[in-house]
Amino acid sequence: MAGIRTLHWDYGQSGIVATVAHERPHEGRAEEHFLPSGPFAILPLKGNRSSLVWTEPTREAERLVASDDMVFELELEQRFGHKLGALTVEGPKKAFPLGLTLAREFVRPRIALAGDAAHGIHPIAGQGLNLGFKDAAALAETVVDAERRGLDIGALDVLEGYQRWRRFDTLQMGITTDVLNRLFSNDNSVLRMARSFGLSLVDRAPALKDFFIGQAAGLTKGPSPRLLRGEAI
Ligand SMILES: Cc1cc2nc3c(=O)[nH]c(=O)nc-3n(C[C@H](O)[C@H](O)[C@H](O)COP(=O)(O)OP(=O)(O)OC[C@H]3O[C@@H](n4cnc5c(N)ncnc54)[C@H](O)[C@@H]3O)c2cc1C
């Protein structure tokens with residue numbers, strides 16, 4: 001409706017999301033396995049439960065979510081393993097088509113896009129929600145700052161300050177997740193060698209490892225909005 005165009009491509013993959021109860025405690029540990037069909041992540045929830053983000057080609061994902069829980073649990077066990085004991089699916093299982101979507105502009109007069117309205121990225125690095133939190137914090141700071149200076153908070157030049165602040169980070173994360181997905185979600189033997197070399201390199205270089213852990217935890221350096229640093233605006 002605002003006439004903002006987007007850059008979009010589809011990955012042909014869907015992310016299956018479900019909650020799984022297991023016999024043994026996960027001890028707060030998250031795991032991600034890079035399988036040829038795409039990443040398979042197990043994220044700890046309260047109690048003996050975990051949330052799944054399981055990537056498959058879209059048609060296979062649709063077959064899996066349409067199957068009954070017993071068939072789904074059998075397929076799940078092959079990927080999840082037996083380390084947490086028997087698995088039971090809790091509640092609905094759903095598949096979301098995955099793609100990269102970047103709005104060409106984040107702002108128009110009196111309009112600002114934030115979160116997935118501005119950018120949708122592959123969940124391979126678990127960064128989508130963090131990007132949205134950063135947008136919300138940067139937008140709040142931009143607007144409060146303009147209000148204090150007596151400016152019109154919805155004026156294009158004020159909102160463009162928010163766009164400049166967030167655009168590079170968003171584009172960088174969009175490209176990073178796109179490259180990671182291309183590198184990891186396949187069974188090509190050359191890429192298999194490249195990624196095992198890449199991963200062992202990361203394991204041997206603590207600074208590089210800290211960078212990736214920091215990115216995954218949303219603890220990046222640089223001009224982060226004050227609300228994100230726990231400071232009042
Ligand atoms: C499979 C999958 C796994 C993911 N895993 C992770 C992860 O591990 N870590 C992470 O950080 N991120 C992850 N993400 C990304 C994360 O879910 C999103 O980045 C985040 O939910 C975006 O939040 P949002 O509020 O911007 O948008 P949304 O969560 O999409 O919320 C928008 C809301 O607006 C509603 N809405 C839309 N149009 C209208 C309208 N016209 N009127 C009223 N309401 C409307 C929608 O129904 C929706 O409830 C994942 C995404 C997917 C698909």
Side-chain angles (χ1 to χ4, degrees), residues 1-4 6 8-20 26 28-35 37-46 49-66 72 76 79-80 89-103 105-108 111-140 162-163 165-167 169-178 180-181 184-185 212-220 224-225 227-228:
M1 285 165 74
I4 296 176
T6 55
H8 174 84
W9 58 85
D10 207 273
Y11 288 127
Q13 295 168 310
S14 287
I16 302 170
V17 180
T19 300
V20 180
H26 47 57
R29 195 184 146 100
E31 270 185 36
E32 186 165 14
H33 299 267
F34 297 97
L35 306 177
S37 56
F40 176 87
I42 307 167
L43 308 160
L45 295 175
K46 204 171 170 191
R49 292 155 67 242
S50 293
S51 173
L52 293 181
V53 181
W54 173 1
T55 318
E56 288 287 341
T58 294
R59 195 175 287 184
E60 178 62 4
E62 283 166 358
R63 183 189 71 78
L64 284 163
V65 293
F72 186 83
L76 176 62
R79 290 150 180 96
F80 200 108
V89 176
E90 277 189 356
K93 34 196 197 307
K94 290 203 166 172
F96 296 88
L98 302 176
L100 178 70
T101 308
L102 297 169
E105 294 132 295
F106 286 7
V107 297
R108 282 284 157 92
I111 295 175
L113 303 183
D116 275 28
H119 40 71
I121 61 169
H122 197 287
I124 191 163
Q127 290 296 309
L129 191 64
N130 283 333
L131 282 184
F133 285 149
K134 285 194 206 170
D135 293 346
L139 183 58
Y162 157 70
Q163 175 173 275
W165 196 349
R166 293 300 306 137
R167 208 143 63 173
D169 188 31
T170 310
L171 185 66
Q172 191 187 36
M173 192 55 78
I175 293 171
T176 306
T177 48
D178 187 80
L180 283 176
N181 186 48
F184 283 97
S185 301
F212 280 113
I213 291 172
Q215 285 284 336
L219 303 170
T220 47
S224 65
L227 284 175
L228 222 70

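Order of appearance sets the numbers: ligands from 1, and atoms from 1 within every ligand.
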Hey, is atom 29 (O) of ligand 1 touched by any protein heavy atom at less than 4.0 Å? no

Any non-hydrogen protein atom less than 4.0 Å away from atom 46 (C) of ligand 1: no

The option among Ala41, Ala117, Gly128, Ser14 carrying the non-hydrogen atom nearest to atom 15 (C) of ligand 1 is Gly128

Minimum side-chain heavy-atom gap Leu228-Lys134 below 4.5 Å: yes

Would you check, one step at a time, whether the test salt bridge (Lys or Arg N to Asp or Glu O under 4.0 Å) holds for Glu62 with Arg59? CA-CA 5 Å; Glu62 283 166 358; Arg59 195 175 287 184; over 6 Å; no

Would you say the side chain of Leu131 lies within less than 4.5 Å of the side chain of Asp169, judging by non-hydrogen atoms? yes

What's the shortest distance from atom 53 (C) of ligand 1 to any protein heavy atom, and which residue and atom give it? Phe96 CB, 3.8 Å

Can you label the angle between the His33 ring and the Phe40 ring as parallel, tilted or perpendicular, going by 30° and 60°? tilted

Please check whether Val53 reaches ligand 1 - meaning an N/O of the residue sits under 3.5 Å from an N/O of the ligand, judged on distance alone. no

Which option wins on minimum heavy-atom distance to atom 24 (P) of ligand 1: Thr55, Val17, Asp116? Asp116

Would you mind listing which atoms of ligand 1 come within a distance below 4.0 Å of any non-hydrogen atom of Gly115? 26 (O)

Do Thr55 and Tyr11 have side chains that get closer than 4.5 Å, going by heavy atoms? no

Measuring to protein heavy atoms, does anything land under 4.0 Å from atom 35 (C) of ligand 1? no

Assess the residue pair Leu227 and Phe133 against the criterion (side chain to side chain contact (heavy atoms under 4.5 Å, CB included)); give the C-alpha distance rounded to whole Å, side-chain angles, the decisive distance to 0.1 Å, and a yes or no. CA-CA 9 Å; Leu227 284 175; Phe133 285 149; over 6 Å; no

among protein heavy atoms, the one nearest atom 5 (N) of ligand 1 is Pro123 CB, 3.7 Å

Within 4.0 Å of atom 32 (C) of ligand 1 (strictly less), any protein heavy atom? no

the protein heavy atom lying closest to atom 16 (C) of ligand 1 turns out to be Leu129 N, 4.1 Å

Which residue holds the protein heavy atom closest to atom 8 (O) of ligand 1, what is that atom called, and what is the gap in Å? Gly126 CA, 3.8 Å

Can you find a protein heavy atom under 4.0 Å from atom 3 (C) of ligand 1? yes

In chain order, what residues pass the ring pair (Phe, Tyr, Trp, His ring centres under 6.0 Å) check against His119, with sequence neighbours excluded? none

Determine if the distance from atom 12 (N) of ligand 1 to the closest protein heavy atom is below 4.0 Å. yes

So, for atom 22 (C) of ligand 1, does the protein have a heavy atom nearer than 4.0 Å? yes

With Ala66 via side-chain contact (heavy atoms from CB on, under 4.5 Å) - residues at least two apart: none

Heavy-atom side-chain proximity of Gln13 to Asn181 below 4.5 angstrom: yes

